Amino acid sequence: MLNPSEAFDQAVALFEQGRHDEAEQVCLALFRQHPRHAPTFELMGSLRQAQGRYADAEHCFRHALSIDSDHPEAVFNLANLLMIMGRSAEALPYYQRAEELLPGRPMPASNLGIALTDVGRHTEALAAVRRALAIQPDYYFARNSLAMFLSLHGRVAESLPEYRRAIRAAGGYPEAEMGLLLALNSVADVSPAELFEEHRAWGVRVSERHAAGRQTPLRDRDPERRLRVGFVSADFRDHAVASFFEPLLAHLDRGRHHVTCFADVRVPDETTARLRALADGWHATYGLPDEAWARLVDSERIDVLVDLGGHTAGARLRAFSRRPAPVQVSWLGYPNTTGLPEMDVRITDAIADPVGEAESFHTERLARLPGGAWCFRPHADTPEADTSPRTGPVTFGCFNVPRKFDPEQLRNWAAVLAAVPGSRLLLKAEPYGDPGVRADILGRLVAAGLPAGRIDFSPYLAKRSDHLAAYARIDIALDTYPYGGTTTTCEALWMGVPVVSLAGRTHASRVGKSLLTRAGHPGWVAEDAAGFVRIATELAADRAGLDRLRAGLREEIRRSPLRDELGFAREMGAALREAWRAWCGRGA
């Protein structure tokens, strides 16, 4: 007869050592003799989760709770599993109960904060994370969450010291390091040189961790053979990245390229399935450790590996330091250098990254596409633009998340509204659905000089067609600064709404200039604050012109480089080929 306590401790030790098969055998033996031992079912759930068998894991956790409804680990781990499975709303009561059952531990409150954010309850999320930090001020996970929440709510400058505290508390915390770099792109008084140094220093640290044993993968150095190209992203789903990646995936010459996608997608959806059908090869890699992931890339004999995430959530950028492919490229998802010495090329254009200016702020070689670095495919559910004549006051709008604008841009918006009597400002983004966030943002807008009575908010609209139809509520879109919009700019143009953008010194602040120039409207780009106000004011004064844009702008965009999918795919293929030839030449 097994001693359940001793056997369970043995199984836990085996699990923690990664000896999952042996741990499972001990659990099965326990089940036979003690079929109502809740801790064993909880441990088996953790085993199944580690194996990626989420449905089986959920069954085990729920069975443990059917035996002991207050088993704290089963309650907490079921909540974690539900959130991983994209069921955050279901996880909430379990996190709340775990917080009660584990009063001295910060993890339940900290994770509750993430789940609350997933369902749009941002004020409660912030309170939960602060409860976790009250228990353990140096709990780096909660400190990082606090930084993320502050950034998401538009308090980016306040998020920076919290990211740094999380990094110090953990002795180096990858998620906080990457979150800090992303946030720095949204602070106007951080210079390009400072931005570059932060990225470069991060890249050196990561590269040094994997220096021992790093070898360039062996490949046939034929510069003209069919290339095996890999694309890497956590956003192969209903996400902005898909709107720009799908045209390339659909049209990249398969006679010259074999395409494999490495999808770090937590919850696949219809977009995931559509992209998978367009790829030659597909690997679902969410949760795969970096070392195993790098071996998989090498086993696929990838010649050119393209990262679409950079320093964004869920990205696999650190794994590129292991050099799983001979040529490694950054494109699309991140508006700056990666900082990695092992990232060879960054795809951009001469407007977003001017020749002779941007090179000194990148660790990569810049490959500039002649037709622009973006090709936009509108969503299939896009409604027609509302072409009815506009009446009433001019309405300006911004549908970007608040983490993209700096207080300097709020003052520019205030100047625009002051220059156009009676005009209004409509702000639409997911965080505005939370009353606390809305009140906080409104207070900052008023402090910047915007009149409270002329500001309207719209929350997140889950249905894409409803979101796009909301552009009918605005006459002119005001871009964010210093982190400009990309998808929102393209959507606004497609829906017949002009966009006024302010160009700065960084790629993030020049995306609008690139997109609007490619769309045939460089005159909507300002080089300073006065120009921003002037352009917006002139557009607002021409009501007939706005009506004409509403009726004809979509056709202009349809004929522009922004919608030239074949041309874009040819240019991208040429850039990847050039990078491959350069590598082949270095080995000659």
Side-chain angles (χ1 to χ4, degrees), residues 185-186 188 192 195 240-241 243-245 247-248 306 308 310 312 329-338 345-362 364-378 398-400 404-405 409 476-494 497-528 531-532 535-536 553-554 556-565 567-572 574-575:
N185 289 284
S186 296
L195 265 175
V241 162
S243 297
F244 299 93
F245 176 61
L248 177 64
V306 186
L308 308 183
T312 61
V329 177
S330 173
W331 171 60
L332 184 59
Y334 187 70
N336 212 317
T337 180
T338 64
V345 175
R346 181 164 177 268
I347 303 293
T348 182
D349 64 39
I351 299 175
D353 288 296
V355 177
E357 297 179 22
E359 283 79 3
S360 59
F361 302 129
H362 287 81
E364 306 89 353
R365 179 180 68 80
L366 297 180
R368 296 176 173 90
L369 303 189
W374 298 272
C375 179
F376 175 69
R377 176 177 285 191
C398 180
F399 289 4
N400 284 315
K404 287 193 170 186
F405 53 71
Q409 187 69 340
I476 301 164
L478 301 179
D479 200 3
T480 45
Y481 181 89
Y483 197 140
T486 304
T487 308
T488 49
T489 296
C490 292
E491 287 177 344
L493 295 174
W494 194 246
V497 178
V499 181
V500 184
S501 188
L502 175 60
R505 297 178 295 164
T506 63
H507 177 102
S509 64
R510 296 179 66 83
V511 169
K513 182 171 184 175
S514 176
L515 294 172
L516 291 170
T517 300
R518 308 299 180 190
H521 288 282
W524 296 344
V525 181
E527 300 295 335
D528 55 32
F532 184 86
I535 295 167
L553 190 52
R554 178 173 296 189
E556 288 185 44
I557 302 304
R558 198 191 311 275
R559 297 194 306 266
S560 77
L562 289 181
R563 288 290 298 120
D564 182 6
E565 297 188 359
F568 179 79
R570 283 194 298 269
E571 289 189 3
M572 180 66 84

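From a predicted model like this one, the values you see are computed outputs, not experimental measurements.
In this structure, CG on L248 lies 11.5 Å from CD on E571, to the nearest 0.5 angstrom. Taking CZ from R346 and OH from Y334, the interatomic distance works out to 9.5 Å, rounded to the nearest 0.5 Å. R368 CZ to I347 CD1: the interatomic distance, rounded to the nearest 0.5 Å, is 11.0 Å. Distance check, rounded to the nearest 0.5 Å: NE2 of H521 to CG of L493 gives 7.5 Å.
Side-chain contact between S501 and L516: present, with at least one pair of heavy atoms (C-beta onward) separated by less than 4.5 Å. The closest side-chain heavy-atom distance from W374 to V511 is below 4.5 Å. Put simply, the side chain of V500 reaches to within 4.5 Å of the side chain of I476, judged on heavy atoms.
Between F376 and F244, the gap from one ring centroid to the other is short of 6.0 Å.
Between R554 and E556 there is no salt bridge, since no side-chain nitrogen of the basic residue lies less than 4.0 Å from a carboxylate oxygen of the acidic one.
Defined by atom type and a distance below 3.5 Å, a donor-acceptor pair is missing between the side-chain atoms of Q409 and T480. With no hydrogens or angles considered, no side-chain donor-acceptor pair links N400 and Y483 at under 3.5 Å. Side-chain contact of H507 with D353: a donor-acceptor pair under 3.5 Å is present, judged by distance alone.
Closest non-hydrogen pair, A526 versus G531, comes out as CB-C, 3.4 Å. Taking each heavy atom of R510 and A352 in turn, the nearest pair found is CD-O, 3.6 Å.
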